[in-house]
Amino acid sequence: MQLPPHWEKLATTYFLHHNVVALAQDLLGKIIVTNINEQLTAARIVETEAYQGITDKACHAYGNRRTKRTEIMYAAGGVAYVYLCYGIHYLFNVVTNHANHPEAVLIRAAEPIIGEAIMQARCQHKGLPTQGPGKLSKALGITQALNGFSLQSNTIFIASDGYTYPANSIKSSPRIGVAYAKEDALLPYRFFVCNNKYVSGKQ
DNA sequence: CCAATGATTGCCT
DNA sequence: GGCAATCATTGGC
């Protein structure tokens, strides 16, 4: 696989950062790359959410809950956490922090860079292929089979081309669809690039 | 064992 | 704006 020369795969150490909220914000502008069934696709991340470990009621690992599903969140950062939501959609998360600190960043939306036609086709050419976490996974070819995959693999990883969004174009808000988390539902852990058409929901 | 429920989307009115 | 689709995971019995 040949990437553009100035793209650099993010190293494992990047994902070991202890502040998942800061990491969620920093991931805006980075590029998610998948190479599935010989189909290369890449998209620049424009919307993320932080899930802050065992004290965050919205996090699957709240209360140190360890189940077959959540187990991968307890691994050291730099692996994929993929799970099925509403019985229909695969949601892609990046596990962060050191082992036994179960934190993750949900990647909610991205702007296509490479393989836009592949993404459109995977989404049956309906609407923007990478707007919203379910469609994004579908467009990138992400399924449960990728759960636990290392982001150092060549199948799925995150790269930087040095681009960053200006600080004044980044906004935060409460996370989407977590009303059940009561007071933690109000935490401003969603980050997005404003005026970007791929961002889901309200801006 | 079984019923309830979601980190959503798309189609319908 | 409302709601059905659709199923793995979860927790209670």
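Numbered from 1 within each chain, the chains take letters A, B, ... in sequence-line order. These numbers come from the heavy atoms of this one structure, side chains and all, not from hydrogens, waters or symmetry mates.
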K.L.:
We want to know whether A:Lys57 and A:Gln52 form a side-chain donor-acceptor pair, criterion being a heavy-atom distance below 3.5 angstrom.
P.N.:
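Judged by distance alone, the side chains do not pair up.
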K.L.:
If the P atom of B:dA7 is compared with that of C:dG1, how far apart are they to the nearest Å?
P.N.:
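Taking atom P in both B:dA7 and C:dG1, they lie 22 Å apart.
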K.L.:
Any strand counts, and the cut-off is 3.5 Å on both contacts for Watson-Crick or G-U wobble. Which nucleotide pairs with B:dC2?
P.N.:
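B:dC2 is paired with C:dG11.
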K.L.:
Rounded to the nearest angstrom, tell me the gap between atom OH in A:Tyr86 and atom P in C:dT9.
P.N.:
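Roughly 17 Å, once rounded to whole Å.
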K.L.:
Starting from C1' on C:dT10, measure out to NE2 on A:His60 and report it in whole angstrom.
P.N.:
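About 11 Å, once rounded to whole Å.
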K.L.:
Charged N to carboxylate O below 4.0 Å: is that the case for A:Lys197 and A:Glu111?
P.N.:
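Not counted as a salt bridge, because no side-chain N and carboxylate O are separated by less than 4.0 Å.
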K.L.:
Could you tell me whether A:Ile176 contacts a base, only the sugar-phosphate backbone, or nothing, with contacts defined as non-hydrogen atoms closer than 4.0 Å?
P.N.:
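Since only primed, P, OP1 and OP2 atoms lie under 4.0 Å of A:Ile176, the category is sugar-phosphate.
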K.L.:
Think A:Arg65 has a side-chain N or O under 4.0 angstrom from the OP1 or OP2 of C:dT10?
P.N.:
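No, outside the criterion.
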K.L.:
What integer number of Å spans the P atoms of B:dA4 and C:dA4?
P.N.:
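Roughly 16 Å separates the two P atoms.
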K.L.:
With sequence neighbours left out, what residues match A:Tyr83 under ring pair (Phe, Tyr, Trp, His ring centres under 6.0 Å)?
P.N.:
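Testing A:Tyr83 for ring pair (Phe, Tyr, Trp, His ring centres under 6.0 Å), a comparison that skips the adjacent residues, returns A:His60, A:Tyr81.
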K.L.:
What nucleic acid atoms does A:Arg69 come within less than 4.0 Å of, heavy atoms only: base, sugar-phosphate, or nothing?
P.N.:
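Sugar-phosphate, no base atom in range.
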K.L.:
Using a heavy-atom cut-off of 4.0 Å across all strands, would you classify A:Ser200 as base, sugar-phosphate, or nothing?
P.N.:
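If one applies the 4.0 Å heavy-atom cut-off, A:Ser200 turns out to touch nothing in the nucleic acid.
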K.L.:
Contact boundaries of DNA chain B with chain A (under 4.0 Å, heavy atoms), 5' to 3'?
P.N.:
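Reading along DNA chain B, I get B:dG6 to B:dC11.
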K.L.:
Taking the cut-offs as 6.0 angstrom to the six-membered ring centre and 45 degrees off its axis, would you call A:Arg175 and A:Tyr51 a cation-pi pair?
P.N.:
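Cation-pi check for A:Arg175 and A:Tyr51: passes.
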K.L.:
Less than 4.0 angstrom between a side-chain N/O of A:Thr67 and OP1 or OP2 of C:dT9, yes or no?
P.N.:
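For A:Thr67, the contact criterion (side-chain N or O under 4.0 Å from OP1 or OP2 of C:dT9) is not met.
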K.L.:
In whole angstroms, how far is the P atom of C:dA8 from the NZ atom of A:Lys68?
P.N.:
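After rounding, the reported distance stands at 12 Å.
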K.L.:
Does a donor on one side chain and an acceptor on the other come within less than 3.5 Å for A:Lys171 and A:Asn195?
P.N.:
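The criterion, which ignores hydrogens and geometry beyond distance, is not satisfied for A:Asn195 and A:Lys171.
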K.L.:
Mapping A:Gln144 and A:Ile88 to their closest nucleotides on DNA chain C, which lands nearer the 5' end?
P.N.:
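The residue whose closest nucleotide sits nearer the 5' end is A:Ile88.
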K.L.:
How long is the span from the OG atom in A:Ser160 to the CD1 atom in A:Ile45, to the nearest 0.5 Å?
P.N.:
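With rounding to 0.5 Å, OG (A:Ser160) is 10.5 Å from CD1 (A:Ile45).
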K.L.:
Think A:Arg190 forms a cation-pi with A:Phe192, using NZ or CZ under 6.0 Å from the six-ring centre and within 45 degrees of its axis?
P.N.:
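Cation-pi check for A:Arg190 and A:Phe192: passes.
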K.L.:
Rounded to the nearest angstrom, tell me the gap between atom NE2 in A:His89 and atom C1' in C:dA4.
P.N.:
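Computing the A:His89:NE2 to C:dA4:C1' distance gives 11 Å.
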K.L.:
Does B:dA7 have a Watson-Crick or wobble partner in any strand here, with both distances under 3.5 angstrom, and which is it?
P.N.:
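WC or wobble partner does not exist here.
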